Amino acid sequence: MSVEEDKTVVKISVEDRPIQIVKIDDESETHNFILDEEALNEILGRDEIRDKPICIISVAGAFRKGKSFLLNFMLRYLENQGSEEWMGPEEGHLDGFHWRGGMERDTTGILMWSKIFLVKTPTGREVAVALVDTQGSFDKNSTVRDCATIFALSLMTSSVLVYNLFNNIQEDDLQHLHYFTEYGRLALEDSGQIPFQKLQFLVRDWQYPYEEPYGSSGGDNVLKKQLKVEEKQHPELQALRKGLSSCFSDMSNFLLPHPGRHVATNPNFKGNLNQIDEEFIEHIKNLMPSLLSSRNLVVKAMGGKEVKAKEIVQYYKSYMEIFKGNTMPEPKSMLEVTIEANNLVSLASAKELYMASMESLCGGEKPYLNEQVMDLEHNRIVESALAEFDIRKKLGGEEFSLKYRDQLMSEIDESYNHYKAHNDSKNIFKAANTPITLFVMWSVLYIFSQVTSLLMLYPLANLANLLMWGLTFLGATWAYAKYSGEFSQVGVQIEDLTGKVWDNCFQPILNKAVEQGSEIAVRQAVTRLNSVSSPYPDSKKKR
């Protein structure tokens, strides 16, 4: 959406809304997690979005700490494409993700904004940006497993996780990341690649601006102090800090001031910007570009290759399967699921390339393609599909990906058989092959019966007549099965029989005739060419 020259602020469309993609069944004893795959596909499967590289920004943290409130500033920034006046007039309201004050939780499960924003980067390509809100942790209705699962899903599927904290970075905030340091260690050992991308700590209501100033510089200083490994620390705390540093390709921190007494205490506050402290607004204006400007977007990557919007669905499906149990899965199991999802995404991408290429070659209303040409093109497209599968570095190594490569070839072979059958159905001659063969056989028998009658070889003539009646019956049966749909198996057997007769009897004769005809044509062409190159051979000899 473009911003007009008069810098009018673009408001959020009433059609856009947060959509719950992961639900928690609070009424069941096991608190099952349910993925709304249809809703996720609806958001990420749009034609203008599905093949774009995607940046997913998730906000996670304790409940009632202003995550949804923060996301609405992100929405406003993206809607206005980061223009200078993206914040809008002071009397404007914050719309978008639902939020409210009070003690009770508001967001449940995981919600994704229905509109995916397309942002053009400095290099000219478009990146899809998705905003994700998560259920706050540690409310009275959520178990420890619920909180850990929501946090894990957010981190595993996002390219930027905004870790929303209150007052300071506490040791228990870091402990929530401990599970992922072990996962990260295993992933590093497996592939040598850093498993997670950007972790953005966001400290709200920072109370010590006299020690470290609000903003990114003060935040990074606080983060550096918190992650510093000291000799007097317990070995477990040292391992946690070392693990965090090796698990994320980028970690930063931002300190935000309190938004103001009116925001915190007025139950009727609806997001009026003029009721929010100016100091908070000033630093929000600095935070948004650091996360959302075109030059700072972090595209989701797995296995060394950027992830497309449509591929995120597979990762959600795979992770949801492992989180169905009553306890958090082991980090090793999480890694195995990631490896499987990585290979399945590669398989789907390669198969989609094959199917798209074959559709453009012989699918739909495309004309009939010669079988030999089709085989050659099929082999070429298969090589391209396998290259697409192999180009993505596989977690788990080549041995693990081999079975998925074999599965890809099996699915390609199955699809090729369908394309061949579809292509054959366009061949008018093949469609008429059975009646033509029966007619030729009937004609041969008719000529044979007439000749044998003239020679008074009546037993042979009668046999030929009997066979002619048999062919007539076969033809009528085939026609009935073909056009009525009944006795289809009998029709297939008749087609197989006539096909064998054609291939073994008539096709060799036809090929021989074509070959001899081609030889005669070539000889005549050579003769004409010689006659043209020497128009006066006799006169030259006389001279």
Side-chain angles (χ1 to χ4, degrees), residues 57-77 87 90 93-94 96-107 131 133-140 142 147 150-151 154 160-177 199-227 251-292:
I57 301 174
S58 298
V59 181
F63 82 112
R64 311 308 304 139
K65 300 301 180 187
K67 296 186 297 299
S68 303
F69 181 68
L70 173 72
L71 278 160
N72 290 337
F73 283 105
M74 295 185 185
L75 281 175
R76 182 167 290 198
Y77 182 92
M87 185 68 77
E90 291 185 356
H93 289 194
L94 276 179
F97 288 91
H98 185 265
W99 62 275
R100 59 179 172 82
M103 298 171 56
E104 300 298 323
R105 73 178 183 185
D106 191 46
T107 303
L131 297 181
D133 193 9
T134 63
Q135 173 179 317
S137 53
F138 312 118
D139 65 274
K140 66 181 181 181
S142 301
C147 301
I150 290 292
F151 193 90
S154 303
V160 179
L161 180 72
V162 179
Y163 195 8
N164 193 66
L165 305 175
F166 189 64
N167 289 341
N168 203 347
I169 301 177
Q170 307 286 354
E171 189 62 34
D172 58 343
D173 298 324
L174 297 181
Q175 287 295 330
H176 297 154
L177 297 167
L199 177 61
Q200 174 70 60
F201 289 90
L202 180 62
V203 178
R204 311 286 289 273
D205 304 354
W206 174 245
Q207 297 179 340
Y208 313 107
Y210 50 86
E211 291 186 5
E212 294 295 347
Y214 299 122
S216 58
S217 60
D220 288 340
N221 289 337
V222 171
L223 182 62
K224 191 178 297 182
K225 292 175 185 176
Q226 292 292 345
L227 295 182
M251 283 194 296
S252 57
N253 185 25
F254 197 97
L255 306 177
L256 273 177
H258 193 282
R261 184 178 61 84
H262 199 86
V263 177
T265 60
N266 187 351
N268 298 316
F269 176 69
K270 301 298 181 183
N272 304 55
L273 296 180
N274 58 6
Q275 295 177 335
I276 303 174
D277 279 6
E278 291 183 5
E279 191 175 35
F280 182 86
I281 293 292
E282 176 189 345
H283 289 290
I284 277 287
K285 287 181 177 179
N286 294 330
L287 173 63
M288 292 300 112
S290 69
L291 294 172
L292 301 170

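Please read these numbers as outputs of a predicted model, since none were measured by experiment.
- Every residue two or more places apart in sequence or in another chain that forms a side-chain contact (heavy atoms from CB on, under 4.5 Å) with Q207 is listed here: N167.
- Contact of the F69 side chain with the R204 side chain is registered, since non-hydrogen atoms from C-beta on lie closer than 4.5 Å.
- Among all heavy-atom pairs drawn from T134 and S154, the shortest one is CG2-OG, 3.0 Å.
- Put simply, the residue from I57, L161, L291 that forms a side-chain contact (heavy atoms from CB on, under 4.5 Å) with Q200 is L291.
- Proximity of V222 to W206: side-chain heavy atoms (C-beta onward) are separated by under 4.5 Å at one or more points.
- Listed by first then second residue, pairs satisfying salt bridge (Lys or Arg N to Asp or Glu O under 4.0 Å) with a partner in residues 205-216 read E212-K225, not counting sequence neighbours.
- Using a 4.5 Å heavy-atom threshold, the side chains of D220 and S252 count as touching.
- Between L202 and Y163, every side-chain heavy-atom pair lies at or beyond the 4.5 Å cut-off.
- Residues in residues 279-291 take part in no side-chain hydrogen bond (donor to acceptor under 3.5 Å, both in side chains) pair, two or more places apart or across chains.
- The distance from atom CG of L223 to atom OG of S216, rounded to the nearest 0.5 Å, is 12.0 Å.
- Taking CG of L292 as the start and CZ of R76 as the end, the distance is 14.0 Å to the nearest 0.5 Å.
- A distance of 6.0 Å separates CG in L71 from CG in L131, rounded to the nearest 0.5 Å.
- When side chains are defined from C-beta on, V162 counts as touching L70, because their heavy atoms get closer than 4.5 Å.
- A donor-acceptor pair is defined here as one N or O able to donate and one able to accept, closer than 3.5 Å; such a pair exists between the side chain of D173 and the backbone of Q170.
- Contact check for L75 versus F73: no side-chain heavy atoms found under the 4.5 Å cut-off.
- The shortest side-chain heavy-atom distance between I169 and N253 falls under the 4.5 Å cut-off.
- Considering all non-hydrogen atoms of both residues, Y77 and M288 come closest at CD1-CB, 3.7 Å.
- With rounding to the nearest 0.5 angstrom, the CG atom of L165 is 11.5 Å from the CG atom of L256.
- Taking 4.5 Å as the limit, some side-chain heavy atom of L174 sits within range of a side-chain heavy atom of F201.
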Test Y208 against Y214 for ring-ring contact (aromatic ring centres under 6.0 Å, His included), laying out the working first. CA-CA 9 Å; Y208 313 107; Y214 299 122; over 10 Å; no
